[in-house]
Amino acid sequence: MISTLITGLVLGGTYALVAMGLTLQYGISRIMNLAYGEILIFAAFAAFLLFSTFGINPILGLGIVLPAAFACGYLIYGVMMQPLVTRSKKTGTLEVDSILATFGLLFVIQGIMLVTFGSNYTSYNFLNTGINVLGANVAANRLLAFALAIIIGATLFFVLTRTRWGTTIRAIAVNPDAAPLVGIDVNRTARFAFALGTMLAASGGVMISMYQTFNASMGVVFTMKALVIVIMGGLGNLMGALIAGLLLGVVETLVATYVDPGLTLAATYCLFLVVLLWKPAGLFGKAAGR
Amino acid sequence: MTRTILGLMLAILGLAALAWMPTQLGAYGVGLLLGMTGYVALASAWALFSGPTRYVSLATVAFFGIGAYTVAVLSETLPYWAVLLVAAVIGLAVALIVGLATLRLAGVYFVIFTFGLAELIRQLVTWYEVNVTGTLGRYIFLPITAEQIYWQLLAVAAGTIAIGWLISRSRLGLALKVIGDDETVAGHTGINIAGVKLALFAVSATIITLVGAIQAPRWTYVEPAIVFNPTISFLTLIMALLGGANRLWGPALGAIPLFLLFEWLSANFPNHYSIILGLLFIAIVFVVPRGVLAGIEDGWARLKRRGEAA
Amino acid sequence: MLETQNLSLRYGRHLALNGINISIAEGETVVILGANGAGKSSLLKAIAGLQKPEPGSVLTLDGTTILGTKPHLIPEAGIALVPEGRGVFGDLTVEENLLLGANPRRARTSEAERHGLIYDLFPRLAERRSQLVRTMSGGEQQMVAIGRALMSNPRFLMLDEPSLGLAPIVVTELFGALKRVKQTGVGLLLVEQNVSISLSISDRGYLMEAGRITGENSAEALKTDPAVQQAFLGGAAA
Amino acid sequence: QDRTSVKIGYAISKTGANAGGAGITTLPNYQLWVHDVNEAGGLELPDGTRLPIEVVEYDDRSASEEVVRAVERLATQDQVDFILPPWGTGFNLAVAPLFDRFGYPQLAVSAVTDKAPEFVERWKKSFWLLGGGHDYTEALAQILNDQKAAGTINNDVAVISVADGFGIDLITAARQSFADGGLNIVYDVTYPVGTTDFTPMLNEAAASGADTFVAFSYPPDTFALTQQAQVAQYNPKVLYMGVGVGFPVYQANNGDKIEGIMSLGGIDPNNVAVMDYRARHTDFIGQAPDWWGSVVTYASLQMLQEAIRRQGLDREAVSQELSTGTFETVLGETKLEDNQLRTLWLGGQWQDGVFVAVAPADREGAVAPRLPKAPWPAQ
Amino acid sequence: MTSLLDIQNLRKQFGGLTAVNDVSFSIAEGETVALLGPNGSGKTTVLNMISGALAPTSGVIALSGEHIAGLAPNRIAHKGVARTFQLVRILPSLSVAENVIAALAFRPNHLWGRAAEERAEELLAEVGLGGRGGEHANDLTYIDQKRMELARALAAEPRLLLLDEWLSGLNPTELRTGIDLITALGQRGMTVLLVEHIMEAVRALCSRTVVMNVGTKIADGPTADVLADPAVISAYLGEGHA
Ligand SMILES: Nc1ncnc2c1ncn2[C@@H]1O[C@H](COP(=O)(O)OP(=O)(O)OP(=O)(O)O)[C@@H](O)[C@H]1O
Ligand SMILES: Nc1ncnc2c1ncn2[C@@H]1O[C@H](COP(=O)(O)OP(=O)(O)OP(=O)(O)O)[C@@H](O)[C@H]1O
Ligand SMILES: [Mg+2]
Ligand SMILES: [Mg+2]
């Protein structure tokens with residue numbers, strides 16, 4: 001039982017890691033980023049390339065991939081999203097616009113990956129050694145992802161809720177119109193949050209590349225999983241994403257062990273639906289409001 | 001009044017022309033028409049509910065798949081019309097249950113809920129087939145030609161747009177707009193929000209189910225991964241939004257060009273399809289901000305103003 | 001000195017402000033009176049950088065132009081606005097809203113002290129430090145908005161109908177508090193429908209009509225001005 | 001006739017969920033074959049003239065509606081001379097009525113189905129070249145029974161399968177074959193497509209005490225299972241997995257840890273034609289072919305090529321020829337029985353870096369399996 | 001006079017906070033009553049419970065003897081309760097006329113089509129928006145939006161009209177027009193419960209006043225008496241207003 005729980009938590013760590021960037025992007029920058037998973041996969045390819053071609057191990061690779069991802073996110077927001085955000089002040093169509101625009105972005109990134117990396121399944125082995133945690137054999141790479149999720153989650157949560165800077169970030173999510181009144185540069189802050197989200201997506205991608213097979217078409221799977229977790233946790237709530245991710249991991253493992261592996265996905269979606277029916281704004285969401 | 005009658009006659013004429021088209025086209029042309037009409041029907045049905053209420057649903061494929069799967073299961077045992085009927089009834093029943101359950105959700109919570117729902121249904125169907133019937137794929141050997149499928153879809157699409165037209169002129173249409181603007185106000189003005197939403201969701205879902213059922217015989221082989229493919233939900237949504245989900249002809253005007261664009265790109269640029277499509281998409285969002293139809297209207301208004309000025 | 005010259009603002013074809021000339025000195029309290037739709041709020045927004053004035057407009061702080069300054073830099077310059085409709089951060093707590101008020105760098109040094117001051121002014125806020133502002137009553141939210149603006153250590157504080165929706169006793173307290181704020185040397189630019197009480201704390205007043213300034217006088221004189229009596233104090237004040 | 005080329009069309013999943021599979025087994029072989037043929041001056045016709053191949057290709061985006069329409073387009077719009085089949089069981093079935101209606105022979109390779117005889121009845125010009133689930137599971141049962149008789153393994157088998165056409169077909173067949181062979185299935189679960197964590201299943205399988213672990217899995221699952229079995233230090237004496245074991249990336253990633261792992265397919269390492277094909281493939285595509293379907297795909301194209309040489313571009317005649325003729329391909333002498341390829345390698349094992357065929361054991365070129373599989377190297 | 005609205009021991013709890021605590025009062029048919037109280041004393045919450053926007057934690061709300069507590073807003077609306085909101089709520093994508101028709105079309109004896117359009121125009125004229133039905137609701141000034149909201153409430157032909165600070169934000173001239181408008185409603189026999197902070201308006205309009213403080217009722221009686229009550233002065237009006 002303990003070992004099942006641990007296996008589940010470690011799996012959940014991956015989910016949480018993947019979801020946290022999205023909750024920043026959607027919860028704070030208000031960009032429903034359908035290309036999120038593609039960015040993640042792109043980072044996975046980057047890590048793979050660094051490892052297989054230049055022999056740079058993925059952990060060091062983070063040092064290259066993350067800043068690059070941050071820069072990309074910064075650029076994407078500046079070039080693509082900012083005009084939409086500005087426009088939406090008049091039209092109020094940011095949600096629809098961002099869905100459509102990032103849907104386009106999804107195709108672009110996917111297309112670039114198809115052209116450069118092909119459509120084949122890619123995977124490599126790194127840190128695929130068992131580590132005994134309280135009786136459960138856990139792969140070191142997954143454990144690392146779990147640790148990273150917890151560290152990122154806790155740090156960001158602390159920063160967002162306990163510091164002035166974090167509060168400014170949340171403020172733009174709550175009421176971007178009023179933010180300038182307290183000296184917040186909404187554009188810059190939203191852009192920063194978006195870039196940070198992109199960076200988290202990339203860190204998820206690098207981690208996942210160490211133990212999961214991926215290919216250029218797989219991004220959507222991650223986007224949707226991340227969305228489910230983000231929504232289940234409560235929009236824009238990092239702690240929510242972390243806990244929802246872990247919860248899904250544990251439930252999936254429990255169902256696979258004690259019920260039927262055929263029902264794991266059914267169980268996670270079921271859990272998700274039940275949570276929403278019980279708390280329409282997610283586990284940690286503020287009461288519903290559009 | 002005369003304008004309405006004129007419009008009606010034009011619509012009937014147009015419909016007749018569309019129905020006659022397959023006789024002039026080869027199999028590929030019919031296939032193209034069929035696919036296009038299918039998406040026009042899906043996008044229009046989707047917009048019936050999601051357009052005015054702004055409840056963006058990703059459950060399209062859940063109902064589409066239910067329709068297709070019903071046909072796959074029953075095609076050997078029941079006459080075709082009865083199969084369609086059963087499919088519609090199942091779709092309606094599921095829609096009512098889902099509708100009742102989701103009434104409390106709003107915004108993106110609803111969006112992702114519906115996505116989760118579609119996935120759950122797919123997982124459950126898969127699990128059922130694997131564990132209970134012990135097969136996964138099912139075969140549909142119905143003697144239905146592509147032309148026949150096209151005609152049925154055409155009827156459904158026309159019906160959907162007609163329903164949309166009727167609703168937009170009725171109190172129900174106004175109720176939907178009010179709900180889309182402000183649910184609190186809607187409640188206080190005496191609108192039965194739950195009832196309206198449920199009714200519309202059910203109508204929309206039933207039509208989508210029918211589209212799935214009608215299209216199924218085209219594939220011969222049906223399995224959950226094929227008929228519950230989430231891409232269908234996304235495409236429907238994108239088409240409707242692009243055309244303008246709040247207008248009667250918006251979804252159709254989004255579906256047709258987009259469908260043809262997909263087709264043209266995949267035929268001419270099979271290797272750079274994604275990149276070009278993506279860039280086009282982004283460009284469209286920037287150039288026609290409020291949907292194609294609104295864009296056309298804006299352009300038309302500008303032309304007219306210029307004409308008046310001249 | 002905060003000053004506008006020939007300030008004009010356009011919404012599409014509608015000219016909402018038409019060549020406005022006003023000024024407020026440090027420590028001075030000035031009220032703008034005008035009917036609904038006269039353009040009072042538009043004026044405050046233009047000064048706060050939230051709306052872009054027409055070319056040819058002049059807006060200066062101590063003689064240097066602040067026209068075209070990005071809106072988020074305006075509080076940094078020492079101008080704070082309590083907007084119409086409050087503009088609070090509904091999903092944040094009272095405490096967090098106040099914390100954000102002190103976001104401009106100029107406010108950081110005296111932050112703790114100001115915190116205390118504001119809780120003294122509005123004891124209700126002290127009781128509800130960790131309540132989400134969205135769940136507070138209308139009046140409570142207004143207190144948060146004013147408190148937040150004061151947190152930024154402004155030299156000029158602009159208030160757009162601060163008494164709107166406040167209980168009489170709170171209005172009295174609020175204006176008492178504004179008087180104290182004024183005494184600390186802050187210049188107040190006030191837009192109010194509650195004319196008598198706002199004139200009672202003001203030094204000067206402007207009359208505004210359809211986007212133009214149509215009159216200016218000392219508060220004392222305005223109180224007795226028959227035109228003002230007629231338009232704003234009316235028989236109802238009697 | 002002023003014909004300057006032979007038009008050959010295909011719709012394939014270049015994007016979407018199926019792209020991973022199609023991009024290994026099918027598309028590279030189409031490309032290689034076209035290259036080979038055109039390099040040699042084109043397709044040879046009965047009169048000895050050669051016409052180059054002109055390719056019309058579409059991306060079906062992994063959607064059945066798309067593949068159906070693309071084939072219609074190829075047949076009626078582009079009016080190609082021959083159409084090559086798409087990737088996947090479902091898609092091959094989806095387009096079968098169209099191939100039939102428009103009179104094109106369908107050389108379905110990447111489709112494993114026990115219903116092939118039925119389909120041949122229904123669609124006379126369809127050919128099924130990768131066998132059915134039963135073929136593979138009976139071969140596997142045979143190997144296991146041999147090992148059991150030799151005392152290498154016990155009677156118990158743990159099986160997991162992916163809840164998709166392929167997995168279900170095979171597990172259904174396996175239940176029957178294993179029961180017939182007297183084997184006892186002690187753990188039997190099906191997992192959904194997209195599962196990434198197999199730890200619970202591996203733990204349960206280990207706990208079941210079975211010496212044999214079988215996974216009718218898809219490539220991502222196969223890769224994950226391999227990694228996770230090592231982490232869990234799960235060492236069944238027979239480790240048999242599904243699609244992906246024969247992929248080049250599998251070998252690249254796992255090095256010599258793959259030694260002893262079994263799967264479907266395999267090759268005869270002494271078959272020069274196959275080894276030559278592999279070398280050319282690696283050379284031209286930039287990556288090696290897989291060890292199961294690839295070579296069959298290429299062989300099917302060679303059959304088509306030869307049938308055209310004998311019968312010209314008359315599709316009716318070509319189909320007839322494919323049905324009845326005997327062809328020399330990279331698989332050696334190849335002849336279809338009842339429109340199906342029966343001389344297949346049904347089971348293989350990694351031995352010294354080559355995925356050799358071990359079943360059917362009585363076929364010439366088969367290698368003896370090396371069992372039990374050695375435990376994973378210590379970490 | 002029979003009582004139209006009867007409230008007994010009404011209570012609303014938000015988590016640990018008791019926003020409304022055992023409040024009871026009733027309103028007779030045709031009366032115009034003010035509900036006063038400091039900010040956050042629970043006035044809006046009471047209106048929300050009467051109109052169905054919130055379900056009471058406990059207590060009774062009866063309309064002509066019929067219990068309505070906890071019913072959905074649309075059911076309560078159909079029983080004859082209409083309201084305006086403290087912060088105006090317009091239907092931004094609709095025209096001014098459609099905003100009003102929205103209420104006409106969904107009241108029990110609903111109007112639709114021509115009849116609805118005509119009636120909407122009448123109602124708009126009544127609140128001073130005559131001839132402006134074609135404009136976009138979004139383009140109206142704040143005060144005009146408030147007018148439109150009142151027309152929408154009146155369109156439901158309510159027996160009980162709830163006005164939440166409908167007069168706030170008006171300048172003195174406009175205030176007078178507003179007061180006249182509500183007086184006219186009262187004279188037509190409509191029952192009105194209004195929440196206001198403008199004492200002038202309360203004095204001019206309401207014969208009776210209920211005062212709340214921190215969720216409890218602290219006074220109830222003729223307006224003049226209540227406004228002179230020391231408890232009300234110290235909690236709400238302040239010394240200057242006495
Ligand atoms: N964002 C906007 N777009 C278009 N017109 C606007 C906008 N904001 C204000 N207006 C118009 O500009 C004019 C002045 O409005 P403003 O809000 O400044 O008036 P005000 O004096 O503050 O009135 P009130 O007392 O109602 O607050 C009004 O006619 C109003 O309709
Ligand atoms: N949804 C809610 N969740 C938590 N607390 C709430 C909620 N709604 C209201 N409250 C609290 O209940 C109390 C009463 O609020 P209400 O809005 O009824 O006050 P009010 O009397 O209308 O005040 P005002 O005159 O300022 O509008 C306030 O303290 C408010 O903070
Ligand atoms: Mg104003
Ligand atoms: Mg209130």
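A note on names: the letters A, B, ... follow the listed sequences, proteins ahead of strands, and every chain is numbered from 1.
- The most heavy-atom pairs under 4.5 Å with chain A, out of D:M201, D:K14, D:Q227, come from D:Q227.
- Nearest heavy atom pair, residue A:Y15 against residue D:T196, reads OH-OG1, 4.2 Å.
- For A:Y211, the parts lying under 4.5 angstrom from a heavy atom of chain D are both the backbone and the side chain.
- Closest non-hydrogen pair, D:V249 versus A:S123, comes out as CG2-O, 3.9 Å.
- Most heavy-atom pairs under 4.5 Å with chain D: of the set A:V221, A:T122, A:T253, A:N215, this distinction falls to A:T253.
- Interface remark: D:Y250 contributes no atoms to any contact with chain A (heavy atom separation under 4.5 Å).
- Within the 4.5 angstrom heavy-atom criterion, only backbone atoms of A:M210 (N, CA, C, O) approach chain D.
- In terms of heavy-atom pairs under 4.5 Å with chain A, the best-connected choice from D:S62, D:G23, D:A224, D:P220 is D:P220.
- The most heavy-atom pairs under 4.5 Å with chain A, out of D:T226, D:N203, D:V189, come from D:V189.
- Minimum heavy-atom separation, A:Y124 to D:N253: CA-OD1, 3.4 Å.
- Looking at D:E204, the atoms closer than 4.5 Å to chain A (heavy atoms on both sides) all sit in the side chain, from C-beta outward.
- We find the CZ-CD distance between A:R142 and D:Q228 to be 5.0 Å, quoted to the nearest 0.5 Å.
- A:L114 touches chain D through its side chain: at least one heavy atom from C-beta onward sits under 4.5 Å away, while N, CA, C and O do not.
- With rounding to the nearest 0.5 angstrom, the OG1 atom of D:T222 is 9.5 Å from the OH atom of A:Y121.
- Dense packing is recorded around CG of A:N57, with more than 12 heavy atoms of other residues, nucleotides or ligands lying under 6.0 Å away.
- Note that CG of A:D260 is 7.5 Å distant from OG1 of D:T190, once rounded to the nearest 0.5 Å.
- Taking each heavy atom of A:P261 and D:P192 in turn, the nearest pair found is O-CD, 3.1 Å.
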